[in-house]
Amino acid sequence: MKKRSDLAVMGRLIGLVKPLLGFMIAAIAMGVAGFLTAQFITIFAGYAMVRILNVGPAPSLGFLFLCMGLFAVARGILRYAEQACNHFIAFKLLALIRDKVFAALRRLAPAKLEGRDKGDLISVTTSDIELLEVFYAHTISPIAIAAIMSLIMSLFIGSYHWALGVLAAIAFLTIGVVVPVVAAKTGGNRGLEYRTQSGALSAFVLDSLRGLGELIQYNAGAQRMDEMDTHTAALLKKEKRMKQALGTATASTGALILIFSMAMLATASVLYQSGAIGFDGLLISLIALMSSFGPVVALANLGSTLQQTFAAGNRVLDVLDEEPIVAENTTGETVEFEGATCRNVSFRYDEQPILKNINLDFAKNQIIGITGRSGSGKSTLLKLLMRFWDTTEGQVEISGTDVRNIRTSCLRQMQSYVTQETYLFHDSIEANVKIARPDATREQVVEACKKASVHDFIMSLPKGYDTPVGELGDTLSGGERQRLGIARAFLHDAPLILLDEPTSNLDSLNEAVILQSLHQQRENKTVVLVSHRASTMQIADVTHSVEHGRLS
């Protein structure tokens, strides 16, 4: 994880506000106006006392009470409008960030996401992004409002005497800047550690839910629960430290407010006794200071809270800034499929050699079988054809063009890819099959499912093709999920079909039906078939064996 300074994170997050700058300015303006109305209600009360005691110049009581009533109503309206603008900005920007994050994940997939902790990614895309709402709704605008209000109130108090204005400015700077900075420095990396550990706990819970069946089978639930309690206790310990830091900052703020209020009273009293200011100057300057700490107190309370927010922002920026291993080609060539070729292809993964000097032709209208032991590089070869990875040496060509020079959308349109682990979305069966071709009709979906030998099973379900599939497809067997994956490939109707152990979860009858469908389409398709099964390889026109990364 890249460690950015809090200022760098803040700068990046503020940069996203540009499209909504008008709303941000409006929120700040209404916030300043709202605080001014609130503070001057108290100040007008001070002027009323001056008027009643006749110890200095002050407007009439009727005018003062009228202003206090109007300001009280205006304060409520302005506060509501400010919060409405801030939250509109926050939720708009959260939607924008989500869009950017998912676009980044799409750009990184699949190579950069292989081996990534899915639970941690879920934490980034949900709780981390949600936490940025604190920054957009409760940080940017309050900082600007506090700065403007501190300047206005320092000048107002300074209008009675410059020393009082300087003291007020020091008070605002101490509470609004020094306290949150010290709190942030004292907290160190606790916020980042908390968010990282929270993501790890999310990953652990997700892993536990996915493996619930195995935990029950082997009576390992108690051990897993103890491990979860350990993770939770560690997280609570870090949260306790952060709460203690927040409590310390809050107590320090309260103490400093009393200290500066006493300092203002003492300074104003000395100036009054020396004749530098009147009694009205003493009273109004004290009331003005004591009633104007609200904006800077909001900043003081953000000191430790922002540590989590910046940590969340840092994790989100990590995703946005991460460079893909294979960049999407959006300007490359568009070609028609006329066959594929591997020329002197070698591939390494983390310095581990997987494939070595592979030369292989995938002729049009043929079924090419590839066999070999697990870990020999068969699946990697299919991923290179899909350009999920780029070759270390040599090149993969389609229709005589290097796949790196082919537009990615064109490449995806030419290929269908089926693995033994078919992922099903939490949606209907029809919607899951139509992932391969969103504009397909019900009739086309049915035809694809018939070819995949899954139509009869679907029709036996209460809602047929409208039957919802459970989360992670757990309501279906492995064979049923695999056949739906094959149905997607048939519906996609691509000229190059890449099948990685497509019948591993099927019985011999369903395997025979699917293989027959593949054989019937051989005049229009090129099929690359990876399998351990000798029965599956019977339909191949030519078979190659990959052993230890080499072709034989």
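Everything numeric in this text was worked out from a predicted model, so none of it was measured. Positions are given from 1, in the same order as the sequence printed here.
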Ile284 side, atom CD1; Ile43 side, atom CD1 - distance, nearest 0.5 Å: 7.0 Å

Beyond-backbone contact of Val316 with Val124, side-chain heavy atoms, under 4.5 angstrom: yes

Separation between CZ of Arg75 and CD1 of Ile41, rounded to the nearest 0.5 Å: 8.5 Å

Flag if over 12 foreign heavy atoms under 6.0 Å of CZ, Arg412: yes

Closest heavy-atom pair and its distance - Ser285, Ala268: OG-CB, 4.1 Å

Aromatic contact, Phe293 with Phe260 (centres under 6.0 Å): no

Arg481 (side chain) donor-acceptor with Leu476 (main chain) under 3.5 angstrom: yes

Donor-acceptor contact below 3.5 Å, side chain Asn405 vs main chain Gly332: no

Pairwise distance CD(Glu430) to OG1(Thr441) - rounded to 0.5 angstrom: 9.0 Å

Heavy-atom side-chain contact between Ser292 and Phe172 under 4.5 Å: yes

Heavy atoms from other residues, nucleotides or ligands near CZ of Phe388 exceed 12 (cutoff 6.0 Å): yes

Test item: Asp321 side-chain N/O and Glu323 main-chain N/O as donor-acceptor pair under 3.5 Å: no

Enclosure of Arg404 CZ (heavy-atom neighbours >12, cutoff 6.0 Å): yes

Short side-chain to backbone donor-acceptor contact, Thr139 and Tyr136, under 3.5 Å: no

salt_bridge(Arg224, Asp226) N-O dist < 4.0 Å: no

Check: Leu13 and Leu132 side chains under 4.5 Å, non-hydrogen atoms: yes

Side chain to side chain, Leu236 and Glu239, heavy atoms closer than 4.5 Å: yes

Enclosure of Glu328 CD (heavy-atom neighbours >12, cutoff 6.0 Å): yes

Gap separating the CG atom of Leu283 from the CG atom of Leu265, nearest 0.5 angstrom: 10.5 Å

Residues Phe35, Ile148; criterion side-chain contact (heavy atoms from CB on, under 4.5 Å); working and verdict: CA-CA 11 Å; Phe35 273 112; Ile148 295 171; over 6 Å; no

Shortest non-hydrogen contact between Ala171 and Leu289, atoms and distance: CB-CD1, 4.4 Å

Check against side-chain contact (heavy atoms from CB on, under 4.5 Å), Cys67 and Phe40: CA-CA 9 Å; Cys67 288; Phe40 269 89; over 6 Å; no

Residues, nucleotides or ligands: over 12 heavy atoms within 6.0 Å of Met68 CE: yes

Minimal non-hydrogen separation, Met30 against Leu78, with atom names: O-CB, 3.9 Å

Identified side-chain contact (heavy atoms from CB on, under 4.5 Å) counterpart of Tyr160 within the set Leu271, Leu282, Asp280: Asp280

Close aromatic pair by centroid cut-off 6.0 Å: Phe23 and Phe88: yes

4.5 Å side-chain heavy-atom contact, Leu36 and Met149: yes

Derivation of the side-chain contact (heavy atoms from CB on, under 4.5 Å) call for Arg488 and Thr422: CA-CA 10 Å; Arg488 285 173 176 167; Thr422 299; 3.8 Å; yes

Check: Val178 and Leu173 side chains under 4.5 Å, non-hydrogen atoms: no

Parallel, tilted or perpendicular: rings of Phe91 and His87 (30°, 60°): tilted

Mutual orientation of the aromatic rings belonging to Tyr349 and Trp389 [parallel < 30°, tilted 30-60°, perpendicular > 60°]: perpendicular

Distance, nearest 0.5 Å, that separates CD1 of Ile89 from CG of Leu96: 13.0 Å

Residue pair Asp128 / Ala312: nearest heavy atoms and the distance that separates them: O-CB, 3.5 Å

CE/Met228: more than 12 non-hydrogen atoms of other groups inside 6.0 Å: yes

Val469 side chain reached by Asp427 side chain, heavy atoms, under 4.5 Å: no

Nearest heavy-atom neighbours spanning Leu164 and Ile277: CD1-CD1, 4.2 Å

Ring geometry between His231 and Phe204 (parallel below 30°, tilted from 30 to 60°, perpendicular above 60°): tilted

Side-chain touch Thr232/Leu201, heavy atoms, less than 4.5 angstrom: yes

Donor-acceptor under 3.5 Å (Ser154 side chain, Leu151 main chain): no

CA sep, side-chain torsions, deciding dist, call: Ile406, Asn329, side-chain contact (heavy atoms from CB on, under 4.5 Å): CA-CA 7 Å; Ile406 298 176; Asn329 187 330; 5.9 Å; no

Value rounded to 0.5 Å, distance of SG in Cys85 from CD1 in Ile25: 11.5 Å

Taking every non-hydrogen atom, the tightest pair across Ile28 and Ser141: CG1-OG, 4.0 Å

